[in-house]
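A short write-up of the structure that comes next.
All residue numbers in this chain count up from 1 along the given sequence. Since the model is a prediction, treat every value here as computed from it, not as a measurement.
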Amino acid sequence: MVLYNLCLIVAAFAAVIHCEDCVFNLKHNGKDIQFDLNRFEELEKVNFNKSNDVYLNIKLCKSNEHISTCDGIKSKICLVKYKSTKADIGSKIKDVKLDVKDQLVLSLEGNTICEKNLKYSTDLTFTCNKHMNENKMDFKVNVNHCKYVIELESAVGCPVDDLDIRNVCKVTIPHINFKFNLNALRRLTLNYLVENQNRQFELNICGRLTENNKCGGNITTICDITDIRNPKVYAVGKYANDQLLYDTDSKSLKLIQHEKATKKKRGRRIEFIFKCDENIAPGKTKPKFLNEENYQDKTISPNIAYFEVATSAVCIPRMILCEVISKYTARFNLKPLHKRVDNWKIINKNNRGIFYLNICGYLNEYDGQISTSCTVDGKTSACYVDGSGKGISIGSTQIGPYYDGNSIILNYTDGDKCSNSLKWSTVINLTCSGETKLIHETTNFTSCTHVFNWKTPKACEILFERKDQCMVTHPWYSQTVYNFSNLKDQTFEKNIEDNASFRFSICGPLQKPCNGIIDSAACWSAGGTEMNIGLFTEQIVFDNGSIYMSMQGEKCVNNGQGPNSHTVIRFVCDYLDSNWIEYKKDFEECTFQFTISTKYACTQPLKTNNCTVDDQMGNIFDLSKLTKSNSNYEIITNQKKTIILNVCHSVINNDINGVNCQFNSGVCLVDHTNLLYSNRYKNLGDVNESPQKKGNKIILEMINGFYNNHKVSSVIEFICSNKNNGPVLTAEENHKFIFQWFTPLVCPNHQHIKKREIINNYSTLKQTDLQIDGLNYTIYICPKNNNDVNYNSEICLNNNSPLGRKIILSVNKQNIAYTLQNKLYFDHITNTVCDEKRNTTVQIRFMFYCGYKLQIPKIAKNNCEINVLSINPEMCDEKLECNAGLYDLTPIKGTHIVNINERKYYINICIPGAEGIGGIMELNNINYNIGYQLTPFKTNEEETVEMSFTYGDSCIDSRLKFPNTKYSTTMKFICDISENEV
């Protein structure tokens with residue numbers, strides 16, 4: 001059995017019943033024994049000979065991407081011979097046991113082959129020596145052919161003998177699903193020495209005092225040595241009496257312990273108050289004594305002593321903190337406001353200085369515009385740069401965010417020194433609003449505080465839940481569980497454009513390590529180079545109808561700049577369980593998103609018993625062909641509202657649009673103007689009875705809806721027609737919504753035959769004719785909406801797929817239906833022989849890009865591969881227009897020339913360039929395509945307008961890990977009334 005994260009091991013002498021990272025809990029003869037190897041983190045070099053040319057590199061715990069690979073694997077134990085040959089002799093822990101001396105033994109297997117099919121392996125035995133410094137070890141190494149036997153002598157190898165005390169030091173905060181574990185603060189050899197307030201103490205945290213303390217005792221945790229001649233037991237640790245508490249008001253942890261009570265004396269209460277300080281690692285932690293109430297008269301109650309402990313061990317990760325769940329049970333998620341590449345910029349209108357902010361993280365030092373003085377040590381969250389370019393930190397330590405009942409408040413403290421000896425701090429007040437506006441409100445020079453007000457929809461209450469164990473519950477209905485465990489132990493992979501591919505797994509590592517990283521769950525490959533883009537996790541998130549898991553991986557560039565890769569795997573409902581995968585990538589942001597269609601993201605469906613109607617005249621009308629399994633029909637009203645519905649089936653929740661209607665709803669209204677997500681969806685009728693025939697119409701009625709304080713119902717009237725058109729909202733009267741749907745499915749047999757004769761041709765479809773290698777090709781683009789009246793054809797209806805846009809390819813009058821991969825392309829294998837020796841044929845990749853106007857297809861040939869690029873407005877999800885919301889960009893319409901760093905750029909704004917190209921970069925008299933505009937202009941939180949180009953030529957930047965990475969371009973348009981329009 002392969003062991004990941006050191007779990008689920010059954011050994012000969014002892015059973016591992018639980019483990020966490022490098023902590024092993026074993027049972028032996030009914031006794032609990034624990035070993036904590038977390039201190040064994042540093043890279044250890046073990047020499048075999050005096051010349052030091054054969055040695056082992058050992059890295060057991062928390063192995064990560066910064067450790068060099070060993071034979072292509074991120075190994076725990078690597079054998080290095082003569083500085084060039086490497087062998088992985090231990091990357092997977094196969095067994096954990098106790099030997100006859102009750103010493104911990106780890107058996108590991110490597111990936112390097114020793115001989116034939118035999119891999120290298122290692123047995124690692126830990127010998128206890130309590131008198132050695134916890135960071136020191138002695139090694140003994142024996143080699144038995146392909147097996148290495150290593151004995152490590154250290155205090156780390158001693159079993160934990162104060163397990164009862166340690167068990168107190170874990171607490172979970174249920175409402176944010178975060179677990180504190182303070183055991184990293186436990187000292188193994190040297191106790192903490194606290195000297196202040198004219199008092200002296202020896203103490204340990206999450207464990208008893210170590211050997212040779214002044215008070216003795218096997219449960220003593222604090223010894224008062226103020227009077228060194230008369231040391232006193234100040235506190236003892238015991239699981240039954242101790243408590244680790246989280247104060248939701250102060251957002252702090254408290255560890256409660258007591259002095260041992262007697263019949264004559266009440267035991268003292270000791271409170272450790274923990275303070276988050278991201279700059280103090282557990283090994284650098286120094287507790288402080290604050291005070292003791294009623295120290296002179298211990299008969300008076302209460303008798304409480306207070307210690308303060310500042311450490312990073314109690315800091316909740318900033319991204320988790322930004323999932324705000326208040327005591328009012330309101331839930332918010334500020335993570336969409338976090339910048340991965342640049343920073344938020346606010347201009348100081350008084351002196352043209354600039355404020356830089358980031359949310360849920362530090363400022364990005366790789367923002368090319370930011371002053372280097374703002375990113376010293378990489379620990380600044382807010383900075384101000386004056387007109388001369390001088391920058392000062394106005395906040396580094398994050399406090400909050402927290403919800404006060406009206407707005408979300410985020411503080412950054414501990415900035416640079418202010419004029420009155422205080423330190424600068426920043427307060428950001430975020431309020432829910434339909435508009436987006438970030439302004440600098442005030443600067444208080446007395447308190448050295450900058451205040452910002454931010455109106456944004458991202459500060460509105462949401463439906464949010466995050467759970468472990470590869471499942472998540474619905475925030476409204478806790479009994480509704482989305483469990484993705486059945487997707488474990490599978491590898492989802494796909495080959496995509498430019499010889500690139502990806503593979504990922506769910507809730508577990510990939511079966512084949514990515515770039516040598518055995519904990520990788522997501523891998524991107526291009527040109528023979530692999531990049532780990534996500535370490536596995538079992539956490540699943542439900543966020544406003546979107547269900548996903550997120551992972552972190554390696555950087556996209558080789559020079560250490562830029563953020564680590566961030567991968568999101570999103571699960572959308574598909575009752576057919578197609579496991580269809582769509583993907584998006586952005587190498588600039590180093591983000592990857594995979595969307596997988598699966599039944600495990602679906603709620604329990606509600607269906608009618610029968611979706612057919614028998615008119616007793618020989619006609620049976622079957623409406624189940626209109627039932628959707630992974631999407632809904634949409635009707636957009638002119639009041640910023642959308643009505644979604646399904647036929648004979650409840651609305652599809654958790655689809656690609658994040659729909660979250662009532663589970664029994666067959667018709668649902670979405671009010672996009674309602675900022676409160678929980679009130680955005682209104683049920684207009686439950687899935688109810690089967691359809692019925694009334695007159696010349698087929699009627700499907702759905703009742704028991706509720707809207708605008710009234711019970712409502714919905715009726716769909718299906719009317720015979722030669723073309724599909726519908727559904728269409730025709731009336732709303734007496735709290736009843738009436739829809740009409742024209743379809744051939746309800747036509748009597750004779751009319752249905754006539755209908756087929758009418759549309760069994762391609763005259764209603766737009767076509768493109770090509771000739772390639774002597775063969776005639778005709779491309780028919782099926783409409784996005786199968787109900788489109790103007791461009792309907794039976795071949796599109798018969799080949800309809802819910803998984804993507806359909807293209808009909810006619811080759812010498814033979815028709816083939818293709819589904820576009822990732823909405824962009826399909827591959828056609830021809831019968832034309834390309835290489836007789838290799839028995840290969842020509843492959844044609846047909847690519848379809850959105851554009852301002854129809855372009856003549858561009859054909860490019862490269863050996864056995866042919867690319868055909870079609871620019872067509874029909875392929876646009878949204879029409880390309882020269883505006884974004886209220887912003888009109890027609891005054892700058894045209895081609896603009898920009899010179900930057902000896903490079904000349906030709907940027908097309910609101911017009912198609914040659915061959916549909918959005919921009920050209922000229923460098924050393926060579927032109928490079930920097931992308932096509934495939935999406936409309938968009939506005940963002942900074943009140944700027946963005947234009948994006950993608951899928952340009954291969955990038956020439958040598959820092960990128962993948963040589964075939966394509967150019968993409970983003971242009972930001974910023975309002976400046978001092979500038980001319982042109």
Side-chain angles (χ1 to χ4, degrees), residues 573-578 597 599 602-635 643-655 659 661-669 683-705 712-730 736-753 755-756 785-787 792 794 796-803:
C573 172
D574 180 5
Y575 287 99
L576 298 179
D577 201 29
S578 64
S597 301
K599 64 182 180 182
C602 300
T603 57
Q604 185 67 32
L606 186 63
K607 307 176 184 178
T608 59
N609 293 327
N610 187 5
C611 201
T612 61
V613 177
D614 188 345
D615 67 355
Q616 304 300 317
M617 299 176 62
N619 295 297
I620 297 178
F621 307 107
D622 184 3
L623 297 181
S624 64
K625 295 180 180 180
L626 298 176
T627 301
K628 290 197 171 188
S629 59
N630 61 7
S631 61
N632 301 289
Y633 296 97
E634 295 187 2
I635 304 167
I643 295 176
I644 56 179
L645 59 85
N646 208 347
V647 177
C648 299
H649 193 290
S650 51
V651 165
I652 308 299
N653 283 321
N654 311 327
D655 68 345
V659 169
C661 295
Q662 289 77 5
F663 293 170
N664 54 348
S665 176
V667 182
C668 181
L669 182 141
N683 180 20
L684 301 186
D686 292 348
V687 176
N688 191 31
E689 299 178 356
S690 301
Q692 300 176 354
K693 183 172 177 60
K694 292 185 178 180
N696 63 342
K697 300 176 183 178
I698 303 295
I699 303 297
L700 181 62
E701 185 172 11
M702 286 165 274
I703 61 174
N704 294 329
V712 297
S713 62
S714 296
V715 174
I716 304 176
E717 300 176 346
F718 296 93
I719 302 171
C720 172
S721 174
N722 290 328
K723 297 180 179 180
N724 278 285
N725 182 21
V728 177
L729 178 64
T730 58
K736 179 179 289 188
F737 292 81
I738 301 175
F739 303 87
Q740 285 189 341
W741 198 323
F742 294 90
T743 172
L745 293 176
V746 295
C747 293
N749 287 333
H750 65 280
Q751 289 183 262
H752 197 57
I753 294 171
K755 168 253 175 186
R756 287 183 178 272
N785 183 356
N786 284 322
N787 301 317
N792 222 324
E794 186 173 25
C796 287
L797 291 174
N798 292 340
N799 289 281
N800 176 39
S801 169
L803 303 176

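- To the nearest 0.5 Å, atom NZ of residue Lys694 and atom CD of residue Glu701 are 6.0 Å apart.
- Contact of the Trp741 side chain with the Tyr633 side chain is registered, since non-hydrogen atoms from C-beta on lie closer than 4.5 Å.
- Using a 4.5 Å heavy-atom threshold, the side chains of Phe663 and Val651 count as separate.
- One finds the OG1 atom of Thr743 at 10.0 Å from the CG atom of Asn725 (value rounded to the nearest 0.5 Å).
- Note: Asp574 CG to Asn630 CG = 4.5 Å, rounded to the nearest 0.5 Å.
- Annotation: side chain of Val715 is in contact with side chain of Glu717 (closest heavy-atom distance under 4.5 Å).
- Contact annotation: the side chain of Ile652 never approaches that of Ser629 to less than 4.5 Å [non-hydrogen atoms, C-beta and beyond].
- The environment of Lys628 atom NZ is dense: over 12 non-hydrogen atoms of other residues, nucleotides or ligands sit within 6.0 angstrom.
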- Would you sort out whether Leu700 and Val647 count as a side chain to side chain contact (heavy atoms under 4.5 Å, CB included), showing the intermediate values? CA-CA 8 Å; Leu700 181 62; Val647 177; 4.2 Å; yes

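- Asn646 and Asn632 are not linked by any side-chain donor-acceptor pair at a separation below 3.5 angstrom, with hydrogens and angles left out of the test.
- Counting heavy atoms from C-beta on, the side chains of Asp686 and Met702 never come closer than 4.5 Å.
- Residues Phe718 and Val613 fail the side-chain proximity criterion, which asks for heavy atoms closer than 4.5 Å.
- No donor-acceptor pair under 3.5 Å is formed between the side chain of Ser713 and the backbone N or O of Ile703.
- In summary, the side chains of Asn683 and Ser665 do present a donor paired with an acceptor at a separation below 3.5 Å, with no hydrogens or angles considered.
- No more than 12 heavy atoms of other residues, nucleotides or ligands sit less than 6.0 Å from atom NZ of Lys607.
- Within the 4.5 Å cutoff, side-chain heavy atoms of Phe739 are placed close to those of Val667.
- The OG1 atom of Thr730 lies 5.5 Å from the CD1 atom of Ile738; values are rounded to the nearest 0.5 Å.
- Here the OG1 atom belonging to Thr612 is positioned 6.5 Å from the CD1 atom belonging to Ile620, to the nearest 0.5 angstrom.
- At least one side-chain heavy atom of Ile644 sits less than 4.5 Å from a side-chain heavy atom of Cys661.
- Here the straight-line distance linking atom CD of Gln692 with atom CD1 of Ile699 works out to 9.0 Å at 0.5 Å rounding.
- Smallest separation of non-hydrogen atoms from Phe742 and Cys720: CD2-O, 4.5 Å.
- A distance-only check finds a donor-acceptor pair linking the side chain of Ser690 to the backbone of Asn610 [under 3.5 Å].
- Nearest heavy-atom pair across Cys611 and Asp622 is O-OD1, 3.8 Å.
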- Could you go through the side chain to side chain contact (heavy atoms under 4.5 Å, CB included) check for Ile719 and Val746 one step at a time? CA-CA 7 Å; Ile719 302 171; Val746 295; 5.6 Å; no

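- Among all heavy-atom pairs drawn from His649 and Tyr575, the shortest one is CE1-CE1, 3.5 Å.
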